[in-house]
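Bear in mind the structure is a predicted one, so any value in this text is a computation, not a measurement.
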Amino acid sequence: AACSYEFKRQQGNVKNEIDCILVKGLHTMIIECKSCKQINQDYYHKLNSIADQFGINCTKVLIANTYADGGDVSIRNANNLQRERGKQMNIITVSNWNEIQDIGNTLVKIMNGTYRN
């Protein structure tokens, strides 16, 4: 496990920071964490790009605490649209309060392939 990990390319000065990386055997899980009311599509694109370049047998996870949306239906609809975008990119979005509170077990379920969102 590594937190606040920074990826650098061999040439140039481009760097990408990712919040957490878990590795078990030859399976990598790259995790991006966001504290937000509304999920931005850029979160998915960044995570997908980093995982495609650096992941080995990679599971991509976005943790976003969107439960604090204040009941705003337009924000909730926008978040549902972004979660669907994530599914199309094979990114698991964890945004349920109980799953975030129990994130260790949630990530174990994701790693073992038993997580359902």
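- Looking at Y44 and I39, their side chains come closer than 4.5 Å, going by heavy atoms from C-beta outward.
- Listed by chain and residue number, N48, K60 satisfy the side-chain contact (heavy atoms from CB on, under 4.5 Å) test with D52 (two or more places apart in sequence, or in another chain).
- Remark: K37 NZ to N79 CG distance equals 11.5 Å, nearest 0.5 Å.
- A donor atom on one side chain and an acceptor atom on the other are found under 3.5 Å apart for N80 and R83.
- Taken to the nearest 0.5 Å, the CG atom of L47 stands 6.5 Å off from the CG atom of L62.
- Under the side-chain contact (heavy atoms from CB on, under 4.5 Å) criterion, S74 pairs with D72, not counting sequence neighbours.
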| request: Tell me, with the steps shown, if R116 and K109 meet side-chain contact (heavy atoms from CB on, under 4.5 Å). | output: CA-CA 9 Å; R116 303 288 174 248; K109 288 178 187 175; over 6 Å; no
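- Summarising the geometry, atom CD1 belonging to I92 is positioned 9.0 Å from atom CG belonging to N90; distances are rounded to the nearest 0.5 Å.
- Among residue pairs with one or both ends in residues 22-33, those qualifying as salt bridge (Lys or Arg N to Asp or Glu O under 4.0 Å) are E32-K34, E32-K46; sequence neighbours excluded.
- Nearest approach of N96 to N98, heavy atoms of both residues: OD1-N, 2.8 Å.
- When only modelled atom types and interatomic distance are considered, R85 and Q82 share a side-chain donor-acceptor pair under 3.5 Å.
- A donor-acceptor pair is defined here as one N or O able to donate and one able to accept, closer than 3.5 Å; such a pair exists between the side chain of N65 and the backbone of C36.
- Residues passing the side-chain hydrogen bond (donor to acceptor under 3.5 Å, both in side chains) test with Y115 are E99, sequence neighbours excluded.
- In this structure I103 satisfies the side-chain contact (heavy atoms from CB on, under 4.5 Å) test together with I63, V94, T106, L107, sequence neighbours excluded.
- For N57, the side-chain hydrogen bond (donor to acceptor under 3.5 Å, both in side chains) criterion is met by no residue, not counting sequence neighbours.
- Applying the side-chain hydrogen bond (donor to acceptor under 3.5 Å, both in side chains) test to H27 and every residue at least two apart in sequence or in another chain returns T59.
- Between I31 and D19 there is no side-chain heavy-atom pair separated by less than 4.5 Å.
- In this structure, E84 has no side-chain hydrogen bond (donor to acceptor under 3.5 Å, both in side chains) partners at least two apart in sequence or on a different chain.
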